[in-house]
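All remarks here apply to the structure that follows.
Here the structure is a predicted model, which means the values were calculated and not measured. Counting begins at 1 with the first residue of the sequence.
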Amino acid sequence: LLKEVCKATDRPVIASGGVSRLEDLHRLAEMVPLGVEGAIVGRALYDGAFTLAEAIAAMGPRVDPYEWAPPRP
């Protein structure tokens with residue numbers, strides 16, 4: 001759905017709801033080039049699913065340990 005929203009507008013998109021684990025943030029980070037600019041993660045933080053530091057790190061460049069190349073966004 002977020003991909004469709006990004007296609008329909010040239011405005012920044014904020015993901016609201018559905019973030020409950022770090023893997024969700026990894027998937028959102030892959031959509032940054034499409035227009036996703038941020039995510040609301042309050043409930044996940046409140047529930048202790050991850051820390052703010054972990055969330056910030058999850059949105060940073062990722063390194064694939066099986067590839068010898070620069071990190072992918």
Side-chain angles (χ1 to χ4, degrees):
L1 178 59
L2 279 176
K3 289 180 183 179
E4 293 300 317
V5 171
C6 289
K7 287 179 188 177
T9 183
D10 60 351
R11 305 295 298 170
V13 175
I14 305 294
S16 176
V19 175
S20 60
R21 9 177 241 163
L22 287 175
E23 291 79 13
D24 298 328
L25 292 177
H26 293 301
R27 291 177 56 201
L28 287 173
E30 294 171 358
M31 289 192 260
V32 168
L34 303 176
V36 174
E37 189 172 279
I40 298 173
V41 297
R43 181 64 190 233
L45 291 175
Y46 179 78
D47 288 345
F50 47 77
T51 66
L52 181 58
E54 291 170 328
I56 292 169
M59 296 305 289
R62 297 178 63 200
V63 176
D64 186 338
Y66 299 103
E67 289 184 22
W68 293 96
R72 291 184 280 172

Interatomic distance, M59 atom CE to E30 atom CD [nearest 0.5 angstrom]: 10.0 Å

Between CG on residue L2 and CG on residue L28, distance to nearest 0.5 Å: 6.5 Å

Residue pairs, two or more places apart or on separate chains, that pass side chain to side chain donor-acceptor pair (under 3.5 Å) and touch residues 6-20: S20-D24

Exercise: identify the closest heavy-atom pair between L45 and F50: CD2-O, 3.4 Å

Closest contact, heavy atoms only, P33 versus A29: CD-O, 4.1 Å

Hydrophobic cluster membership, V5 vs V19, 4.5 Å side-chain cutoff: yes

Cluster overlap V32 with L34, hydrophobic side-chain contacts below 4.5 Å: no

